K.L.:
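Take this structure first; my questions come after.
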Amino acid sequence: QVQLVESGGGLVQPGGSLRLSCAASGRIFSIYAMGWYRQSPGKQRELVATVTVGGSTNYADSAKGRFTISRDNAQNTVYLQMNSLKPEDTAVYYCNAGGVRTTWYASAIDYWGNGTPVTVSS
């Protein structure tokens, strides 16, 4: 079994910054992509940013220029640096590990963390 543990959420004023972290643990052979999604009340979960094992990144339009995703493959950890935060960034942020293999021959499975809340308010 694989567990994802997120940290770094909290309350921040508009224009402020936060850094989210997510560490994957358990029996892990490889993880293809790691990323962050968010969900606000009454809305569907949406992509924020992803990064592949090779370093290719993908950002939602709302995150471009303000958020930076990075990954430590050796530690199976992904980070999301969020700058210039806006009230509309308020949401629960979920870590995702996509294409996780526990051995080289195992099927790839996706895993989700439990989420960390981010509130942007004055």
Side-chain angles (χ1 to χ4, degrees):
Q1 189 68 5
V2 174
Q3 297 82 37
L4 300 180
V5 178
E6 302 123 325
S7 61
L11 173 65
V12 64
Q13 293 186 340
S17 299
L18 281 176
R19 188 186 193 219
L20 306 183
S21 300
C22 171
S25 62
R27 186 178 182 185
I28 298 171
F29 175 75
S30 65
I31 304 175
Y32 175 69
M34 299 187 76
W36 293 93
Y37 293 71
R38 68 186 183 187
Q39 188 168 17
S40 304
K43 295 186 177 181
Q44 289 187 334
R45 190 172 298 187
E46 62 179 6
L47 166 76
V48 178
T50 60
V51 57
T52 68
V53 64
S56 296
T57 58
N58 181 43
Y59 291 92
D61 287 343
S62 59
K64 290 178 181 176
R66 299 187 300 127
F67 297 179
T68 302
I69 191 168
S70 60
R71 177 175 173 173
D72 183 334
N73 289 329
Q75 299 296 322
N76 290 321
T77 300
V78 64
Y79 306 95
L80 185 69
Q81 178 66 44
M82 303 187 294
N83 299 327
S84 302
L85 283 161
K86 305 174 182 179
E88 50 263 43
D89 295 317
T90 296
V92 177
Y93 283 69
Y94 295 90
C95 177
N96 171 266
V100 180
R101 297 183 184 273
T102 55
T103 65
W104 69 268
Y105 52 83
S107 298
I109 300 174
D110 292 357
Y111 290 90
W112 291 92
N114 291 327
T116 184
V118 171
T119 303
V120 184
S121 176
S122 55

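What you see is a predicted model; the values in this text were computed from it and never measured. These values consider heavy atoms only, across backbone and side chains, with no hydrogens, waters or symmetry-generated copies.
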K.L.:
Any side-chain heavy atom of S70 within less than 4.5 Å of one from V51?
P.N.:
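A side-chain contact is absent here, since even the closest heavy-atom pair is not under 4.5 Å.
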K.L.:
Determine, stepwise, if the pair R45 / V92 fulfils side chain to side chain contact (heavy atoms under 4.5 Å, CB included).
P.N.:
CA-CA 9 Å; R45 190 172 298 187; V92 177; over 6 Å; no
K.L.:
The criterion is side-chain contact (heavy atoms from CB on, under 4.5 Å); which residues satisfy it with S17, sequence neighbours excluded?
P.N.:
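Scan of S17 (side-chain contact (heavy atoms from CB on, under 4.5 Å), adjacent residues dropped) gives Q81, N83.
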K.L.:
Sequence neighbours excluded, which residues qualify as side-chain contact (heavy atoms from CB on, under 4.5 Å) partners of R66?
P.N.:
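Counting only residues at least two positions away or on another chain, R66 forms a side-chain contact (heavy atoms from CB on, under 4.5 Å) with S84, K86, D89.
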K.L.:
Please table the atom pairs, donor to acceptor, closer than 3.5 Å between any side-chain atom in residues 25-37 and protein atoms at least two apart or in another chain.
P.N.:
none

K.L.:
I'd like to know if the side chain of S40 reaches the main chain of A91, judged simply by a donor and an acceptor atom lying under 3.5 Å from each other, with no hydrogens or angles considered.
P.N.:
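A pair under 3.5 Å: no.
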K.L.:
Find the distance between OH (Y94) and CG (L20) and round it off to the nearest 0.5 Å.
P.N.:
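That separation rounds to 13.0 Å.
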K.L.:
With sequence neighbours left out, which residue pairs that include part of residues 48-63 fulfil the side-chain hydrogen bond (donor to acceptor under 3.5 Å, both in side chains) condition?
P.N.:
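Checked against side-chain hydrogen bond (donor to acceptor under 3.5 Å, both in side chains) - neighbours excluded - the pairs reaching residues 48-63 are R38-S62, D61-K64.
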K.L.:
Between atom OH of Y79 and atom OG1 of T68, what is the distance when rounded to the nearest 0.5 Å?
P.N.:
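OG1 of T68 is found 14.5 Å from OH of Y79.
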K.L.:
In terms of heavy-atom contacts, does CD of E88 have more than 12 from other residues, nucleotides or ligands at under 6.0 Å?
P.N.:
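Yes.
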K.L.:
Could you go through residues 104-118 and list every donor-acceptor pair under 3.5 Å that involves a side-chain atom there, pairing it with any protein atom two or more places apart or in another chain?
P.N.:
unit_1, atom_1, unit_2, atom_2, d
D110, OD1, G99, N, 2.9
T116, OG1, G9, N, 3.3

K.L.:
Over all heavy atoms of both residues, which pair between L80 and A49 is shortest? Give the atoms and the distance, please.
P.N.:
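Distance-wise, the nearest heavy atoms are CD1-CB, 4.3 Å.
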K.L.:
Applying side chain to side chain contact (heavy atoms under 4.5 Å, CB included), run through C95 and V78 and close with a yes or a no.
P.N.:
CA-CA 8 Å; C95 177; V78 64; 3.9 Å; yes
K.L.:
Filter on salt bridge (Lys or Arg N to Asp or Glu O under 4.0 Å), then keep only pairs touching residues 14-23, sequence neighbours left out; what's left?
P.N.:
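As it turns out, there is no salt bridge (Lys or Arg N to Asp or Glu O under 4.0 Å) pair with a partner in residues 14-23 once direct neighbours are skipped.
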